[in-house]
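Naming convention: chains lettered A, B, ... in sequence-line order (proteins, then strands); numbering from 1 in each chain.
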2 protein chains.
Amino acid sequence: MEEVLSERKEKILYAIIQNYLETGEPVGSRTISKYSDLNLSSATIRNEMADLEELGYIVQPHTSAGRIPSDKGYRFYVDRLITEKDQQITDMKEFLEQRTEKMEKVLKKVVKVLATNTEYATVISAPSVVRNRVKFVQLSAVDERQILSVVVMDGNIVRNKMIQVDKPLDNETMLKLNMLLNTNLNGLTVNEINLGLISKMREQAGIHEDIIASVLNTVADTIDPNEELEVYTSGATNVFKYPELASSESAKELISAFEEKEVLADFLNDVQEEEETKGTGIQVYIGGESKMSTMKDCSVVTATYELGDGVKGTIGIIGPKRMDYKKVVENLKNLKSELGKVIDQSEDSNR
Amino acid sequence: MEEVLSERKEKILYAIIQNYLETGEPVGSRTISKYSDLNLSSATIRNEMADLEELGYIVQPHTSAGRIPSDKGYRFYVDRLITEKDQQITDMKEFLEQRTEKMEKVLKKVVKVLATNTEYATVISAPSVVRNRVKFVQLSAVDERQILSVVVMDGNIVRNKMIQVDKPLDNETMLKLNMLLNTNLNGLTVNEINLGLISKMREQAGIHEDIIASVLNTVADTIDPNEELEVYTSGATNVFKYPELASSESAKELISAFEEKEVLADFLNDVQEEEETKGTGIQVYIGGESKMSTMKDCSVVTATYELGDGVKGTIGIIGPKRMDYKKVVENLKNLKSELGKVIDQSEDSNR
DNA sequence: GTTAGCACTCATTCATTTGGAGTGCTAATA
DNA sequence: TATTAGCACTCCAAATGAATGAGTGCTAAC
């Protein structure tokens, strides 16, 4: 697996891939011979290409067609690309930390910008709040039979739940319950709310333990993976721009993945977990490298963003294998400043 | 415009449409001659068909092809279909009124059921709350600089907004503001909150009038059309099942409409308004009849549902012109009982 | 008024042809 | 020994054209 290419082979391979990225057509020896700066005849190129094919970097769709990069070829290209750039985009922190009231809005705008910029399908997952801390809890009696529970997490993520009760609670009890909840839950991550704490709270709540249970459920809902498929998408229809995706049977699968979103959410989750062990900021999945069967004809570039305190989300850009990796990576890099603009705008429009 | 068709012409037209709905292919005179119960030769049918074409009910895609229904032809068919059935599906009230905590969930399930049932693209708008009443307002201090405002509307629609303040408010002021808000806003629809009331409240709030303004903004946001594009979709990829849609250029437009949703939201809004003047429960828009240019190759069947107190939403089912109108209409009729099931399930899964 | 029959029109399908792009190989060249 | 020119060969894609058949419009007969 660890073969070393001669410099000339590398250059040729690079040229082939570059060219294929632009045109989407198989590229022949003559093209390279003219296009590249290493003055070689087509025949020589052909010889080298035969070698590269044997090594598995390029393939021929059919006899007497030009060559196109194999997954291995793309991998070569991408690895070289990524190492050129620095690795992390973890510092949007200062933008979003506490200031924005509606993270949702910002995320929606971000995907849209990315999608129009890159002309690829784009998806972003809202920060997962597994490690997120409870900041504020409150119960309020909406009417005699219904109590509204509001939970605010770090990053101002707000969740509500209506709790039905059989008979009204008096003011004092409400106050007591609120106190109980806040003192016990405040500052905890959802992971830290364990059974011991729960039973302790239930005990203290006395006859109102069912309400406590409901509130805890609300908190749990906040990280419930079903609840948590907060995934925003944009530009799914961009796939139509790339014939090799549009025509393939999988186009509709792709689109439908973008509609249903569960697959995407799962994928982004996986990426994020993987990311935590590897930690290289930007990942590229070429063809089958991502485990999504839907994506076997695509490449996915992912980036993890962080808003401090382990509040992390993931961005994915999905395009054909011949996607413009350079542009995509740069776009993700620029995201930070883009985000700055977006937020300025949204504040303007809030006035 | 008000021509009357002979009974025989009607029968033939009906047969043509019926047949075309099934096959999607242009239908010729011979087919009708054999298929229908009115024993006529193909030649006779041909004569009648020539007449029907002249009258604009059917068209020939090209010389020497069979005939397909024109928009006018579909209209004939649909009108006849709808008048057969009774007209309203306004009574889901008893299901959703106050009981469900997460309307969102139910709606998502409803679209999904409809989409898989009918095999058409489906869209549903969350109840518009223009006429909805404020039930409960509360401000809470989350920390020194931030106040969370929660507004609950009829139907338990909850909205939150973070309000930034320059310096902390003491408990007493909070209490006063809460009182002020609740007594003034409770039971009002958003339309009823007029300038007079606003300035009156601002006055009473004294130095904290900016906070009142923010809360009122939250209430206003609740009906802000931008905010209000609460539209759920499902089955967009069903369009691929119908060649006449999938192949047409507009397929991508359709899909992208389903992704961006704004167009759909606008459309559903229009429908709802129109519905309020006409009030016939089920509407069918054939081709250009809906003002959405994206939909000129489709038909849309819409139905308005009501949860009592003017809390209304709209369902739209989008398919090819040759969609199975009968099935769709019946499906919408059955929605009520479907909804019943859905809600039972969701209550089960809540335990 | 209805029907049979026939000539005519197109879309579609299939096989065939053609052009061209690109390869692999071989022999000549530096 | 590495490079290049040249040529035969392959195969795809687009163009061409013939065959098919569904369907019509018209006319003449019933």
For residues 59-69 of chain A, which side-chain N or O atoms pair as donor and acceptor with protein atoms under 3.5 Å away, sequence neighbours left out?
{"from": "A:Gln60", "atom 1": "NE2", "to": "A:Ala65", "atom 2": "O", "distance (Å)": "3.1"}
{"from": "A:Arg67", "atom 1": "NE", "to": "A:Glu53", "atom 2": "OE1", "distance (Å)": "2.9"}
{"from": "A:Arg67", "atom 1": "NH2", "to": "A:Glu53", "atom 2": "OE1", "distance (Å)": "2.8"}

Exercise. For nucleotides 13-18 of chain C, read 5' to 3', which letter fits each nucleotide if B means a protein heavy atom sits under 4.0 Å from the base, S means only the sugar-phosphate is that close, and - means neither?
Worked result: ------
Exercise. Once each nucleotide of nucleotides 22-30 of chain C is scored for protein heavy atoms under 4.0 Å, what B/S/- sequence comes out, 5' to 3'?
Worked result: BBBB-----
Problem set entry | A:Val271 versus A:Thr302, closest heavy-atom pair with distance |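 Closest approach of A:Val271 to A:Thr302, heavy atoms only: CG1-OG1, 3.5 Å.
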Exercise. Which heavy atom in B:Thr116 sits nearest to a heavy atom in B:Val113, and how many Å separate them?
Worked result: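 Scanning both residues completely, I find the closest heavy atoms to be OG1-O, 3.1 Å.
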Could you tell me the separation between the [atom1] atom of [X] and the [atom2] atom of [N], rounded to a whole number of Å?
X: B:Lys9; N: C:dG1; atom1: NZ; atom2: P; value: 11 Å
X: B:Asn39; N: C:dG1; atom1: CG; atom2: C1'; value: 16 Å
X: A:Ile45; N: D:dG6; atom1: CD1; atom2: C1'; value: 18 Å
X: A:Leu38; N: D:dT4; atom1: CG; atom2: P; value: 11 Å
X: A:Glu48; N: D:dA2; atom1: CD; atom2: P; value: 11 Å

For this session: Would you indicate, yes or no, if D:dA2 has its OP1 or OP2 atom less than 4.0 angstrom from a side-chain nitrogen or oxygen of A:Arg8?
Result: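 No, no such contact exists.
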Residues that [X] engages under salt bridge (Lys or Arg N to Asp or Glu O under 4.0 Å), provided they are two or more places apart:
X: B:Arg46; value: none
X: A:Lys296; value: none
X: A:Asp270; value: none
X: B:Glu48; value: B:Arg8, B:Lys9

Exercise. Is the shortest distance from a Lys or Arg side-chain nitrogen in B:Glu244 or B:Lys321 to a carboxylate oxygen in the other one below 4.0 Å?
Worked result: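 Answer for the salt bridge query: no.
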Problem set entry | Sidechain N-carboxylate O distance under 4.0 Å for B:Arg75, B:Asp79 |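 Here B:Arg75 pairs with B:Asp79 in a salt bridge, since their nearest N and O are under 4.0 Å apart.
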Problem set entry | Rounded (10°) bend between the five-pair end axes of the helix from C:dG1-D:dC30 to C:dA30-D:dT1 |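 For the helix from C:dG1-D:dC30 to C:dA30-D:dT1, the axes at either end differ by 20°.
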Exercise. How would you list, by chain and number, every residue that makes a ring pair (Phe, Tyr, Trp, His ring centres under 6.0 Å) with A:Phe267, sequence neighbours excluded?
Worked result: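 If we apply the ring pair (Phe, Tyr, Trp, His ring centres under 6.0 Å) test to A:Phe267, skipping adjacent residues, the hits are A:Tyr285.
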Problem set entry | Partners passing ring pair (Phe, Tyr, Trp, His ring centres under 6.0 Å) against A:Phe76 (at least two apart in sequence or in another chain) |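 Per chain and number, A:Phe76 pairs via ring pair (Phe, Tyr, Trp, His ring centres under 6.0 Å) with no residue.
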List the atom pairs, with distances to 0.1 Å, where a side-chain N or O of residues 16-27 of chain A and a protein N or O form a donor-acceptor pair under 3.5 Å, not counting sequence neighbours.
{"from": "A:Thr23", "atom 1": "OG1", "to": "A:Asn19", "atom 2": "O", "distance (Å)": "3.2"}
{"from": "A:Thr23", "atom 1": "OG1", "to": "A:Glu25", "atom 2": "N", "distance (Å)": "3.1"}
{"from": "A:Thr23", "atom 1": "OG1", "to": "A:Glu25", "atom 2": "O", "distance (Å)": "3.4"}

Tabulate protein N/O versus nucleotide N/O from nucleotides 13-18 of chain D, keeping only pairs under 3.5 Å, one per line.
none

For this session: Calculate, to the nearest 0.5 Å, the distance between atoms CD1 and CE belonging to A:Ile317 and A:Met323 respectively.
Result: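 A:Ile317 atom CD1 to A:Met323 atom CE measures 6.0 Å (nearest 0.5 Å).
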